[in-house]
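Note that the structure is a prediction, hence the values are computed from the model and not measured.
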Amino acid sequence: MPMLNVQILQGHSAAKKTDLLKKLTQSVVDSIGAPLASVRVVLQEIPAEHVIVAGEIGKEMVMITVGLIRGRTEDQKAAVIAAMFEATEQAIGVSKQNIRVILFDRPATDFGVAGGITAKGAGR
C-alpha cells in the first residue's frame, strides 16, 4: 500500500503535474510490484517563498515521502527510490540533484485500508 506525498514548487503546468502523478504511480508499480489499485499519490504545490534549499530561497526542489508496509528488501527500496527520481526528472524537468525521497517503512498494523481496518487485518 504505497502512499506518496509529493511536494513541488508552484508553477508547473497542469499537464506536467498530471504526467508526474502518472509516472510516479507507474514507477512504484514497476519497481516493487505494488498493485496499481493500492498506490496513492498526493501532490502539494509550495510557493517559492516558502522553500529554502542550501540557503537559497525559492530554489527548485522536489521532496517525496513514501509510506510502505514493512517487508520490502533493500534492493526493492533502492529500486523504488531510483525509479521515482527518474520519473520526476522526466515529468517536470527537475534535476535529480534537487530531488529527495524519504521512505517510511511501517508495520501492517499502522496502515488503515478500505473498510476501516488495518492492512494486517486485510491480510496484507
Side-chain angles (χ1 to χ4, degrees):
M1 183 168 163
M3 300 175 74
L4 285 65
N5 184 343
V6 182
Q7 295 176 321
I8 64 173
L9 290 185
Q10 289 178 337
H12 297 280
S13 71
K16 284 189 174 194
K17 291 182 285 189
T18 296
D19 192 36
L20 176 61
L21 290 167
K22 289 179 178 183
K23 278 182 168 51
L24 285 171
T25 298
Q26 195 61 48
S27 74
V28 172
V29 170
D30 293 344
S31 64
I32 61 172
L36 179 61
S38 72
V39 180
R40 305 287 188 269
V41 183
V42 175
L43 181 62
Q44 296 177 311
E45 292 184 279
I46 310 298
E49 63 270 18
H50 292 183
V51 174
I52 186 167
V53 176
E56 184 181 332
I57 296 288
K59 184 173 180 176
E60 187 72 71
M61 68 85 204
V62 175
M63 187 167 4
I64 305 171
T65 55
V66 184
L68 294 172
I69 294 175
R70 191 169 289 155
R72 300 316 194 297
T73 67
E74 286 185 27
D75 287 343
Q76 287 174 313
K77 291 175 186 178
V80 75
I81 288 170
M84 286 188 283
F85 270 72
E86 191 65 33
T88 302
E89 186 177 58
Q90 286 179 7
I92 61 172
V94 174
S95 166
K96 291 177 186 174
Q97 295 300 315
N98 297 322
I99 301 168
R100 297 295 185 269
V101 175
I102 304 167
L103 299 180
F104 292 98
D105 205 19
R106 302 287 188 186
T109 55
D110 291 3
F111 277 85
V113 297
I117 60 174
T118 67
K120 182 177 181 179
R124 297 184 186 172

query: Can you name the side-chain hydrogen bond (donor to acceptor under 3.5 Å, both in side chains) partners of D19, sequence neighbours left out?
result: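 D19 satisfies side-chain hydrogen bond (donor to acceptor under 3.5 Å, both in side chains) with K23 only.
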- request: Using the salt bridge (charged side-chain N to carboxylate O under 4.0 Å, His left out) rule, collect all pairs that involve residues 67-76, keeping only residues at least two apart or in two chains.
  value: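 Of all non-adjacent pairs touching residues 67-76, none passes salt bridge (charged side-chain N to carboxylate O under 4.0 Å, His left out).
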query: Is there any salt bridge (charged side-chain N to carboxylate O under 4.0 Å, His left out) pair reaching into residues 49-58, and which pairs are they, with sequence neighbours excluded?
result: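 Residue pairs passing salt bridge (charged side-chain N to carboxylate O under 4.0 Å, His left out), neighbours aside: none found.
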- prompt: With clusters built from Ile, Leu, Val, Met, Phe, Trp and Tyr whose side-chain heavy atoms come within less than 4.5 Å, directly or transitively, what are the remaining members of the cluster of I52, listed by chain and number?
  reply: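 Traced through the cluster, I52 reaches I57.
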task: Mind listing the closest non-hydrogen atom pair of V29 and L36 along with its distance?
output: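 Shortest heavy-atom separation between V29 and L36 comes out as CG2-CA, 3.9 Å.
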query: Of all heavy-atom pairs between S38 and A34, which one has the smallest distance, and what is that distance?
result: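 Heavy atoms of S38 and A34 come nearest at OG-CB, 4.2 Å.
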L20 side chain reached by V62 side chain, heavy atoms, under 4.5 Å: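 Counting from C-beta outward, V62 and L20 never come under 4.5 Å.
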Let me check something: any side-chain donor-acceptor pairs from residues 5-18 under 3.5 Å, sequence neighbours excluded? List them with distances.
from	atom 1	to	atom 2	distance (Å)
Q7	NE2	Q44	OE1	3.2
S13	OG	K16	N	3.1
K17	NZ	E45	OE1	3.1
K17	NZ	E45	OE2	3.2
T18	OG1	A14	O	3.1

query: Of all residues at least two apart in sequence or in a different chain, which pass the salt bridge (Lys or Arg N to Asp or Glu O under 4.0 Å) check with E60?
result: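 Here no residue qualifies.
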field: With sequence neighbours excluded, residues passing salt bridge (Lys or Arg N to Asp or Glu O under 4.0 Å) with K96
entry: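 Applying salt bridge (Lys or Arg N to Asp or Glu O under 4.0 Å) to K96 gives E86, E89.
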field: Distance in Å, M61 CE paired with S95 OG, rounded so as to fall on 0.5 Å steps
entry: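 If I round to the nearest 0.5 Å, the distance is 14.0 Å.
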Can you give me every donor-acceptor pair (side chain of residues 101-117, partner residue at least two apart or in another chain, under 3.5 Å) with its distance?
from	atom 1	to	atom 2	distance (Å)
D105	OD2	K77	NZ	2.9

